[in-house]
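Accompanying notes for the structure given below.
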Amino acid sequence: MPESMDDSKMTATPLTRVLGILGIVAGVLMAVLGLFISPPDVVQGEAVRMLYLHVPSIWIAYGSFVLTSISSLLFLVRSRRREDGGRHYDRIAGSAAEVGVVFTGLTLITGMLWGKVTWGTYWQWDARLTTTVLLFVTYLGYLALRRLPADPIVRGRRAAVMALISFINVPIVHYSVDWWRTLHQKASLSVGRRPEITGEMYWTLLYSALTVTIVGAWLIVHRYRVIRLEEIRDEENLKMLISSRRHERPTGSAADGEVS
Amino acid sequence: MLAEVLLLARKDLRIERRAKVALGQVAPLTLLIVVVFAFALDANAPLLEIGAGGLYWVAVLYGGTLLTQRAFEIETEGGNFDDFRMSPIKVHSLFLGKSLSLFIQICALELVLTPAVLLLYDVQVTDWLLLIAAGAAGAVAFSVCGVLWGVMAAGLRVRSTLLPLLLIPVLAPVLLAGSRAFETALGIRADAGWSWASLMFVIAAVHTVVGLAAFGFLLEEN
Amino acid sequence: MLAEVLLLARKDLRIERRAKVALGQVAPLTLLIVVVFAFALDANAPLLEIGAGGLYWVAVLYGGTLLTQRAFEIETEGGNFDDFRMSPIKVHSLFLGKSLSLFIQICALELVLTPAVLLLYDVQVTDWLLLIAAGAAGAVAFSVCGVLWGVMAAGLRVRSTLLPLLLIPVLAPVLLAGSRAFETALGIRADAGWSWASLMFVIAAVHTVVGLAAFGFLLEEN
Amino acid sequence: MSTVVKFENVVAVAGSFPVLTGVDITVQEGEIVLLQGKNGAGKTSLLRACAGLIRINDGSAQVFGFDMRINRQAPRRYIGLLGHENNLYRDLWAIEHVEFRAVAGGGQRGDAAEALARVGLASRLWSVPISALSAGQRRKVAIASLIVNRPRLWLLDEPHSALDAASRADLNAILKEAAASGATVIFASHEGVLSEELSSRVVTLRGGQVVEDSSAR
Amino acid sequence: MSTVVKFENVVAVAGSFPVLTGVDITVQEGEIVLLQGKNGAGKTSLLRACAGLIRINDGSAQVFGFDMRINRQAPRRYIGLLGHENNLYRDLWAIEHVEFRAVAGGGQRGDAAEALARVGLASRLWSVPISALSAGQRRKVAIASLIVNRPRLWLLDEPHSALDAASRADLNAILKEAAASGATVIFASHEGVLSEELSSRVVTLRGGQVVEDSSAR
Ligand code: HEM
Ligand SMILES: Nc1ncnc2c1ncn2[C@@H]1O[C@H](COP(=O)(O)OP(=O)(O)OP(=O)(O)O)[C@@H](O)[C@H]1O
Ligand SMILES: Nc1ncnc2c1ncn2[C@@H]1O[C@H](COP(=O)(O)OP(=O)(O)OP(=O)(O)O)[C@@H](O)[C@H]1O
Ligand SMILES: [Mg+2]
Ligand SMILES: [Mg+2]
């Protein structure tokens, strides 16, 4: 991502505009496909349409968390050598995690709504549901850690370590249906297994995944920019503070002119 | 006296607002505990429904203990407790003020926790009034008791582990009564929930009286 | 390096022996919790039997969190963390030494807790080896993880509440796996307890590796 | 002129160690008493005994006429104590802290600004969390918190420590002023000239006893 | 003679406040440098920057030749730091604490007794938990814990505070001895005469910068 002052001051670039427009168009198409074109399920009926948001959302969340982990790793490797401490990667990690949390939340919400329709309750103490909540909370904790005031590099390293550990939860969520007896659907698309859904549903699902990916990417780019802008603002502030501290008045304590 | 109580409580809540411990850390933590419990109990739905009341109060107890700890941590940050003890504020006001701020924080905690338990454990409220009464009584009892033992643990050393040890046996009756009252309020059992709730009020009242009478003694370290 | 690790662990354990926190306060406390649980769940025997594994690990998690907190409290008693960070001991030894002393304390806790749970919840052990393996794996995971997050929370402020918030989500998988493994060991379910125990070992190993690699970073406050 | 502190053969035990082993000291209103003595002589213990923070095992002790063996909480509201450590609420701003202490002692919120100005804390630092202040700045906040309560008896444990030269002079002026208006000051210090210049009387402790007393008034 | 500390235009930020705003200082082996300046001038921050405890945001900083912007942990094992606060294990005995610090730094267990004797802590107090010691006695334990590590660079923040007159003289002797045998000492202090007598060079800070430097060697 380009980092010169000029373009990081703008929030939109051709790339993000294209991404944004693509996202909108694709989103509309996805709604049409998901709501009208794809057929209702034999067992689930119309409720199955929740699938097209529920499943792609968590995929994108997974993807974001993978991105967070990779960039955290890169940050840890680079932060010693680079002049700016490789903060670029820290920003990517942060914005990807935010997006991941949002989409995990979306999966949770759609899942709960779906559960109300098919299982009759919003919540079941099912392994996948519980592990998903844990995933959600773990990354919320990660974001909280990022908020704590500290030096950016140090905070970045701290967060990076937590990101790497937190990632354990992703495979646990994914395999939870195999490891525990669950109510929740087994993986329908998994490496080395034949997809269990077919036809329009299958294609609609793949298409939704693509759309959500575009939206996710667009969000990540924007979050990245906002974070960068905040940093620039902080740097400007610091410059002012430094020059005012340098010129602190050279008197004793009777000093600061406050003593009567 | 009221002015002093409010002054102290306001100071505590201001620190709390700045450090964001109660809502920023303790509340999510207890929520987490509710989730973890549920899973540790094997997600057995009927079991959870039965246990909802008890688990709720265990979580409040845990969160409340942390909040109590924190309430005295802010008084002993300089390494000792002298300033709190030298405070020109009257002893009764010290006790009530600390209790008030703790009460407000525990209430906030309960406000977060209740909907979570209702939702996650899939239970319905059949008697809102009872639920609220029991919740309030529990909050009073926990806060008053917390301040009573908290001040003692703070004066002694190794407080972070001593406090829960002192607090939990004393609060066990509240925990029990609270669980029963909640079970009635949630329609799990038809027992006399109100008599449990009144027991809680009685316990809270006893602790308040004991606290007012004994706080002066407990404040002294040696 | 081994000498350094032992030196540090011995120092911690000596302080612990003098202050008697682990066995004098935390162990009774967790015992109490086990008892309180039994009450809160209404002494429903079959229910307790089913929940025994889960409750055991919840209690260990709680006690372990307190011990972790205490392990870093002793390093920050002067108000800051500088001396620990300036320590001439190598970073890896710091990590391993702290973990070792925490591990020993958690093991002691488990040794107290296990018979209590067996007795109070009236369950029989069908696979001692699995029980011990899972117990040990859990202790390793808890201690390593505790040190990893403890050092971070100690450097930051408001540590007493931040630490559990960070720790519990990370340890939840261990908790879950531990509960399942215990259930098999106690003959409650026939599931593959050993695969759960191995999951615990894997998690413990991952945390150890991450800890060794990252402790240096985490030690820095700003 | 009335007697503020009257200790006769006071013995005090902390843990199982006798920190005071028979202190005799009488302090009149308006005095500024310097406690000196080697490390471990019992200065801090004596100050804390005056404040009623440690129990007196033997002898007779009166502060403002209250018998400290019967009711050691009573005189506290007339006393301002500054320990070796500061005991500040780290998350509050300096001004909030001093305001709290002012109102708690029955004073006005407005006293706080005055007191902070008096100790010479730059007003930029008034609305900064105390945890961000330097050691000396914190000490100033602690002193300001005493000023707002207008104690009748000041008990100060090394009050000059961490302060810079100008602030030390300031503090001396503050204490002299307080004494002139009828308050009593007892302070422990290892600063030679500075504290002797301030004090009207020097009491030397050794082994938990008063071994020298220059009522050099 | 080699250069121990070499700071050029060092800027350091704590929270969002610039505690150092461009410090230039070079310290040679064997020097005893007194840092002085008003409260909040940045003395503590400079010492902590030398110890690698705060990150350096700008400028170039070297301690024992290590670049503090790349690896600020490397020089730590040559450094002994005494802060405003003591950081002792309160439950250990004085001797146990110093022994631990000695062995941790690669020394002998036996060094501990020697160091405690050197700072003048009465041997009765060696096997008393540190929490029972007086302020000055604790300071002595902290200083003894430094001595046993034979640091090549001593960073001391108001080392004289809480010590009595005799111990202050002792400390000065200890530091002079260390400097004579090739160690470097940088200390911050508000004690006038005492510290000037000790130091071979006085550096004045203001607003996070060095404003005066008397290389009065
Ligand atoms: C709050 C409730 C729910 C949560 C947290 C949740 C969570 C998840 C997660 C994390 C996945 C991704 C699994 C993976 O590939 O790794 C998933 C997939 C899926 N969920 Fe849910 N879910 C919930 C409710 C439901 C309900 C009620 C249904 C339908 C009855 C459902 C049907 C599915 C299906 C069909 C998949 C796709 C399975 C696959 O292809 O792997 N979910 N859910
Ligand atoms: N439990 C104990 N066991 C042994 N000695 C103790 C105990 N408690 C206190 N002491 C001793 O009592 C004395 C307390 O003295 P105090 O703190 O009053 O000294 P001080 O004059 O203020 O010294 P400083 O100048 O160092 O502040 C010290 O010598 C201390 O070692
Ligand atoms: N977050 C912050 N916000 C505002 N000011 C800050 C912050 N952090 C530090 N400071 C200021 O930075 C300066 C730190 O100075 P430092 O502690 O180095 O002073 P010092 O020279 O050691 O003073 P003293 O003699 O009082 O010990 C202080 O003025 C302090 O108020
Ligand atoms: Mg003293
Ligand atoms: Mg300083």
Side-chain angles (χ1 to χ4, degrees), chain A residues 69 72-73 75-80 85-86 90 101 104 125-176 178-181, chain C residues 54 85 95 141 144-145 147-149 151-159 161-177 179-181 183 189-193 195-196 198-200 202-222:
Chain A
S69 306
S72 295
L73 199 65
F75 173 73
L76 284 180
V77 173
R78 303 273 168 100
S79 67
R80 292 211 162 195
D90 183 46
V101 165
T104 311
W125 287 102
D126 168 275
R128 168 156 282 166
L129 275 55
T130 312
T131 48
T132 310
V133 165
L134 279 176
L135 179 75
F136 186 65
V137 172
T138 311
Y139 277 94
L140 272 184
Y142 168 81
L143 293 182
L145 195 64
R146 294 186 66 89
R147 292 267 142 70
L148 290 177
D151 176 86
I153 303 282
V154 172
R155 181 178 53 206
R157 285 174 177 164
R158 205 145 67 197
V161 173
M162 178 155 183
L164 291 180
I165 293 181
S166 305
F167 191 75
I168 287 188
N169 278 312
V170 170
I172 290 183
V173 169
H174 183 70
Y175 289 112
S176 54
D178 300 331
W179 291 349
W180 284 274
R181 306 175 263 106
Chain C
R85 298 203 272 146
F95 174 67
V144 171
C145 222
V147 173
L148 207 55
W149 298 117
V151 70
M152 233 168 68
L156 307 169
R157 304 245 14 265
V158 288
R159 54 185 170 279
T161 49
L162 180 64
L163 177 64
L165 185 58
L166 291 176
L167 211 49
I168 291 184
V170 178
L171 286 179
V174 183
L175 186 84
L176 300 183
S179 310
R180 294 296 156 278
E183 280 161 13
R189 61 163 80 199
D191 258 337
S195 56
W196 288 115
S198 17
L199 177 63
M200 292 172 83
V202 171
I203 297 179
V206 169
H207 283 141
T208 311
V209 171
V210 173
L212 282 173
F215 201 65
F217 298 138
L218 296 182
L219 209 52
E220 297 308 316
E221 205 164 297
N222 44 36

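Chain A is the first sequence line, chain B the second, and so forth, proteins listed ahead of strands; every chain is numbered from 1.
- Taking chain C as the reference chain and counting heavy-atom pairs below 4.5 Å, the highest number among A:Asn169, A:Val137, A:Thr138 is found for A:Thr138.
- In this structure, no portion of A:Ser166 lies under 4.5 Å from any heavy atom of chain C.
- Looking at A:Ile168, only its side chain comes within 4.5 Å of chain C, counting heavy atoms on both sides.
- Residues C:Phe217 and A:Leu76 meet the side-chain proximity criterion, which asks for heavy atoms closer than 4.5 Å.
- With a 4.5 angstrom heavy-atom cutoff, C:Ile168 does not touch chain A via any of its atoms.
- Using a 4.0 Å cut-off between charged nitrogen and carboxylate oxygen, A:Asp90 and A:Arg155 do not count as a salt-bridge pair.
- At least one side-chain heavy atom of C:Leu148 sits less than 4.5 Å from a side-chain heavy atom of A:Ile165.
- Atoms CD1 and OG, from A:Ile172 and A:Ser176 in turn, are 9.0 Å apart once rounded to the nearest 0.5 Å.
- Between the side chain of A:Arg146 and the backbone N or O of A:Gly156, no donor-acceptor pair lies under 3.5 Å.
- Proximity to chain C (any heavy atom under 4.5 Å) is shown, for A:Leu135, by neither the backbone nor the side chain.
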